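See structure below.
Values in this document were obtained by computation on a predicted structure and should not be read as measured data.
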Amino acid sequence: PVGVPACFFIALFRWRKQLNPPLKDADQDSQEKEDAFRNRPGEFGLVYARYLVSKQQMKKIAIRDADPSIRWLQFLYEDFEPRCHYFPVFESLRRIFMIGVLGLCYPGSMSQITVGVFGSLISARVFTYFAPYIRDDDDVVSEAAQPQVAVFFFAMLLLFVSEELEHRESLFSGPVIAICNLIVIA
């Protein structure tokens, strides 16, 4: 199960300089970013620094897209910013964990659901922290979907506990799970 992510990692590592190319004016952008934090108080400085990082990533994407030597890897990196060129490895490991490992982890037990809750919370945090996608819309959808998986697992944990306590008609059945998912999406 780790063979595919390992092959992804090896290929991405081998071509890392082309996937995340260095910029000649990177020193100037870093100086601008430092000045943004120093000279602009609070949230505005943070927003401006994010703008500079985004501008830098767009330059790297243009360089990366012009390089014909890495087109064969395009299926791996095309959705991700150059700074997150290893993210396909994380994504494939996350999928293996959520489908394969979780299915084998104490099937039908509260432990299986608990491991799913923790795995989905870790995944949500990684996606929120890195915001790896080129398109901001994709980052927003990812940030909405990952907590939704955690809410689902938490609802299943509550259902499992209520069934164990022989309270079959639980508050956390059907409509409440749907409302929780709508709240996460909103």
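For the atom pair CD1 (Ile63) and CG (Leu23), the distance works out to 5.0 Å, reported to the nearest 0.5 Å. The NZ atom of Lys59 sits 7.5 Å away from the CD atom of Gln56 when rounded to the nearest 0.5 Å. In this structure, the separation between CD on Glu81 and CZ on Phe87 is 10.5 Å, given to the nearest 0.5 Å. Between Gln18 atom CD and Lys60 atom NZ the span is 13.0 Å, to the nearest 0.5 Å. The line from CZ of Phe154 to OG1 of Thr114 is 10.0 Å long, rounded to the nearest 0.5 Å. For the atom pair CG (Asp79) and CD (Gln74), the distance works out to 9.5 Å, reported to the nearest 0.5 Å.
Taking all atoms of both residues into account, the shortest heavy-atom contact from Pro82 to Ile61 is CD-CG1, 3.5 Å. Contact between Phe153 and Met98 at its shortest, heavy atoms only, is CE1-CE, 3.6 Å. Here the closest heavy-atom approach between residue Ser109 and residue Tyr106 is recorded as OG-O, 2.6 Å. Between Ala131 and Asp139, the shortest heavy-atom distance links the atoms C-OD1, 3.2 Å. The minimum heavy-atom distance linking Gly116 with Leu102 is given by the pair N-CD1, 3.5 Å. Between Phe8 and Pro88 the shortest heavy-atom distance is CD1-O, 4.2 Å.
Leu104 and Ile96 fall into different hydrophobic clusters, where Ile, Leu, Val, Met, Phe, Trp and Tyr side chains are chained together by heavy-atom contacts under 4.5 Å. Tracing side-chain contacts under 4.5 Å through hydrophobic residues (I, L, V, M, F, W, Y), one reaches Tyr129 starting from Phe90; they form part of the same cluster. A continuous path of hydrophobic side-chain contacts links Val4 to Val89 [ILVMFWY only; heavy atoms under 4.5 Å]. Connection of Phe130 to Met58 is not established within any shared hydrophobic cluster, with ILVMFWY side chains joined at heavy-atom distances below 4.5 Å, either directly or through further cluster members. Val149 and Ile99 fall into different hydrophobic clusters, defined by Ile, Leu, Val, Met, Phe, Trp and Tyr side-chain heavy atoms under 4.5 Å apart, directly or through other members.
For Ser142 (side chain) and Asp138 (main-chain N/O), no donor-acceptor pair under 3.5 Å exists by modelled atom type. Remark: side-chain polar atoms of Arg71 are paired, donor with acceptor, to backbone N or O of Asp65 under 3.5 angstrom. Between the side chain of Gln146 and the main chain of Ser120, no donor-acceptor pair closer than 3.5 Å is present.
Relative to the ring axis of Phe97, Arg94 does not place its NZ or CZ within 45° and under 6.0 Å from the centre.
In the displayed structure, Met110 atom CE is contacted under 6.0 Å by at most 12 heavy atoms of other residues, nucleotides or ligands. The local environment of CZ in Arg16 is crowded, with over 12 non-hydrogen atoms from other residues, nucleotides or ligands closer than 6.0 Å.
Between Tyr133 and Phe127, the ring planes lie parallel to each other; the angle is under 30°, not in the 30° to 60° tilted range. The aromatic rings of Phe13 and Phe9 lie parallel to each other, their planes meeting at an angle below 30°, with 60° marking the opposite boundary.
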